[in-house]
Enquirer: 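First the structure, which I've put down as structure tokens, then a few questions once you've had a look.
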Amino acid sequence: MTLHNDPIDLIRAKALWMRRTAFQMVFDAQLGHPGGDFSATDIIATIYFGVLRYDPTQPNMPDRDRFIMSKGHATGALYTALCAAGYFPEDWLKTYMQPRSMLNGHPNRNYLPGVETNTGPLGHGLPVATGIAIAGQITQATYRTYVLTGDGELQEGSNWEAAMTAGHRKLTNLTWIVDRNRLQQGAGTEETNGLDPLDKKFEAFGWDVQMVDGHDHAALFAALTAPTTDKPRAIIANTVKGKGVSFMENKASWHHGVPTADQLATALKELV
Amino acid sequence: MAAPALQIQGLHDCREAWAATLESLAAVDDRIVAVVNDSVGSSKLGGFQKKFPDRLINVGIAEQCMVGVGAGLANGGRIPFLSAAACFLTGRSLEQIKADVAYAGFNVKLVGQSSGVAYGELGPTHHSIEDFAWLRPLTNLTILCPADPWETAEAIRWAAIHDGPVYIRLSRMPVPDLDIAHRTFRVGKAELVRDGSDVTLIACGTTVHLAAKASDALKTEGIRARVLNMASINPLDEAAILAAASETGAIVTVEEASIRGGLGGAVAELTADNHPVPVERVGFPGFVPTGSVDWLFTEFGLTAQGIAAAARRAIGRAGK
Ligand SMILES: Cc1ncc(C[n+]2csc(CCOP(=O)(O)OP(=O)(O)O)c2C)c(N)n1
Ligand SMILES: [Mg+2]
């Protein structure tokens, strides 16, 4: 066992394990969303192994910090993080997508401890996270709520309704991270229905906005732990879809691509 | 969303027929436009986009907006075909479908792709088993659920000519051509797939060929099961259903949908009002566990054996 004195080292090690394990799961199931798993892995690893306060033996502890995975299709990233965080044993990962598995293609809170809400249809996480944050605000609870959305996902109007509500209510206990990989399912976000300038839009909706390299664990850690202001915080994490595997990076086709045995072997060689 | 290309001999992905038909219609009628939600690939509209780039409107991942835009395009004299995963098209945009399309009566064609449980392992958020129940009360919305490529093409052609809102429920699940000679597509009319007098199996979409297989299996036991292809869910062929009730005395409904409020619900409502007979409903009872499409079909009795067993139950309940 390796000892990690530096928190960033630990996050880096977990992220590597998550990518390797998730890609193997996608290969075994011949299903999954590896492109979006890999753009989100460093963000999720930083949250679970550097920032979030939780106890996997008490998943419903009232004062736990909450993490909402709004881009619910990236279960390879979420499930490996929950497993590494201690919510369930590693052999469960082998059941990914199998009949009656608790590891469904999209997360189900009734199946897995640590899943705060069911996601899969895009544009649901931010409104739910806003509700959790309002509950914390009116009860003066100490927990923080973190929500990760995709960028293409932001074309759903429900996000903007929640963004208005959170800005209006000054939900200082809410952090919204956008996985800004600039790709959606079939093409680039800007050619489909452009989002830029996202920072200006969030500011106009009453949010404190930070931009970071979404694969730089130290920068993510700093942004996620920065002192709160009088506004909810949005972090635009600039990422690369398929990050870490040369033939997957920035390719829309890897949104739900499945590797061949050769591609899996190549990827595992690169992910070291 | 993963779309495994199932190339099985003699079986077809009806999206091919949908896309080819829309392209041929668009070539002769420039009012036809396609509207998608980041779903060009899953709708097989890459060819349409190449041929008619200005007439493919991708609103991004925004289904409520998509349906509103559809109503607006119809107001502007276009004939919009909206194509999206059936779950998001109907579930996410239900109020837009109700108010902007059905109640307002706009000439919008809603094409629900990969309906039922076609998304298998991706789970109930991506399944569309509730769509019939959600849409059936919108009485002026025509609801069609074709069973094979020929019927898919006919439904699209009919929708393009018909002036009024239509929901066409498609699937990418591989299906065979129905073995029926001399077919005519008529909205509001059931199609006789097998004749019989002991029980009637009423099916739609991906399950019609399974009902036909069940009928063939029952024949070896001496049970003559009539099979009706009920592609038209609204309007319903009430005469054919009531004839089945009175002539065969027992009914089984089969659909890749919830057993509440869909084809089974429609048949049960009609027979309860006019000619009560036992009705067994084959479909999904609610949210299903994780599993592949094949596993889910087997687990919930959407197989020739499962349908045959339901037929025996219906006959037993009828005291025959
Ligand atoms: C309401 C809804 N519409 C459509 C989809 C289908 N879908 C799944 S993922 C995806 C693309 C998401 O793009 P983005 O938010 O950028 O995610 P990422 O690039 O991080 O994978 C789409 C269209 C969905 N899951 N939900
Ligand atoms: Mg993206």
Side-chain angles (χ1 to χ4, degrees), chain A residues 26 29-34 36 71-73 75 95-108 110-112 117-124 149-161 183-195 252-258, chain B residues 1-6 35-46 49 53 56-69 84-93 96 117 119-128 287-300:
Chain A
V26 171
Q30 289 291 298
L31 274 172
H33 292 87
K71 41 171 283 185
H73 54 285
T75 41
T95 71
Y96 189 44
M97 311 258 194
Q98 296 307 305
R100 296 199 186 281
S101 174
M102 299 296 114
L103 276 67
N104 184 74
H106 293 91
N108 183 327
N110 305 300
Y111 291 173
L112 283 183
T117 188
N118 295 20
T119 48
L122 298 164
H124 286 240
T149 68
D151 52 0
E153 174 174 11
L154 302 187
Q155 290 155 353
E156 291 286 1
S158 51
N159 292 298
W160 301 97
E161 297 174 22
L183 286 176
Q184 46 194 93
Q185 181 169 266
T189 57
E190 300 313 288
E191 62 184 289
T192 304
N193 195 356
L195 297 164
S253 59
W254 278 98
H255 175 73
H256 48 53
V258 169
Chain B
M1 288 168 285
L6 284 159
V35 189
V36 295
N37 65 330
D38 191 15
S39 52
V40 176
S42 51
S43 293
K44 299 248 182 227
L45 288 176
Q49 187 173 34
L56 186 289
I57 298 139
N58 189 350
V59 298
I61 311 168
E63 296 76 15
Q64 294 171 288
C65 173
M66 174 171 66
V67 175
V69 164
C87 56
F88 307 129
L89 176 63
T90 62
R92 190 55 161 270
S93 319
Q96 277 76 11
V117 297
Y119 281 122
E121 297 89 339
L122 298 190
T125 55
H126 284 56
H127 296 162
S128 189
F287 298 135
V288 297
T290 307
S292 66
V293 181
D294 283 349
W295 185 82
L296 290 168
F297 266 57
T298 307
E299 190 71 9
F300 291 94

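To find a chain, count down the sequence lines: A is the first, B the second, and so on, and within it residues start at 1.
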Enquirer: Relative to chain A, which segment of B/Glu299 carries a heavy atom at a distance below 4.5 Å: side chain, backbone, both, or neither?
Expert: side chain
Enquirer: Give the member of B/Val288, B/Leu296, B/Val40, B/Val59 that has the highest number of heavy-atom pairs under 4.5 Å with chain A.
Expert: B/Val59
Enquirer: To the closest 0.5 Å, what do you measure between CD (B/Gln64) and CD (A/Glu156)?
Expert: 7.0 Å
Enquirer: Find out whether A/Gln98 and B/Glu121 are in side-chain contact, i.e. whether some heavy atom of one side chain is under 4.5 Å from a heavy atom of the other.
Expert: no
Enquirer: Is there a side-chain contact between B/Ser42 and A/His256, using heavy atoms and a 4.5 Å cut-off?
Expert: no
Enquirer: On a heavy-atom basis, which atom in B/His126 and which in A/Pro121 lie closest, and how many Å separate them?
Expert: CE1-N, 4.2 Å
Enquirer: Measure across B/Leu122 and A/His106 and return the closest heavy-atom pair with its distance rounded to 0.1 Å.
Expert: O-ND1, 2.8 Å
Enquirer: For B/Trp295, what residues pass the ring-ring contact (aromatic ring centres under 6.0 Å, His included) criterion, not counting sequence neighbours?
Expert: none
Enquirer: Within a strict 4.5 Å, meaning less than it, do heavy atoms of the A/Leu122 and B/Phe88 side chains meet?
Expert: no
Enquirer: Which value, rounded to the nearest 0.5 Å, describes the distance between B/Phe287 atom CZ and A/Asn108 atom CG?
Expert: 9.0 Å
Enquirer: With a 4.5 angstrom heavy-atom cut-off, is it the side chain or the backbone of A/Thr119 that approaches chain B, or both, or neither?
Expert: backbone
Enquirer: Out of B/Gly123, B/Cys65, B/Gly291, return the one with the most heavy atom pairs under 4.5 angstrom to chain A.
Expert: B/Gly123
Enquirer: Less than 4.5 Å to any heavy atom of chain B: does that hold for the side chain of A/Ala187, its backbone, both, or neither?
Expert: backbone
Enquirer: In Å, rounded to the nearest 0.5 Å, how long is the span from CZ of A/Arg100 to OG1 of B/Thr290?
Expert: 9.5 Å
Enquirer: Looking at A/Pro99, A/Gly120, A/Gly152, A/Gly105, which has the largest count of heavy-atom pairs under 4.5 Å with chain B?
Expert: A/Pro99
Enquirer: Would you compute the distance between atom OG1 of B/Thr125 and atom CG of A/Asn118 and round it to the nearest 0.5 angstrom?
Expert: 8.0 Å
Enquirer: Looking at B/Asp38 and A/Gln185, would you say the former's side chain and the latter's main chain have a donor-acceptor pair under 3.5 Å?
Expert: yes
Enquirer: Can you tell me which portion of A/Tyr111 sits under 4.5 Å from chain B's heavy atoms? Options are side chain, backbone, both or neither.
Expert: side chain
Enquirer: List in chain and number order the residues that pass side chain to side chain donor-acceptor pair (under 3.5 Å) with A/Gln155, two or more places apart in sequence or in another chain; answer none if no residue qualifies.
Expert: A/Gln184
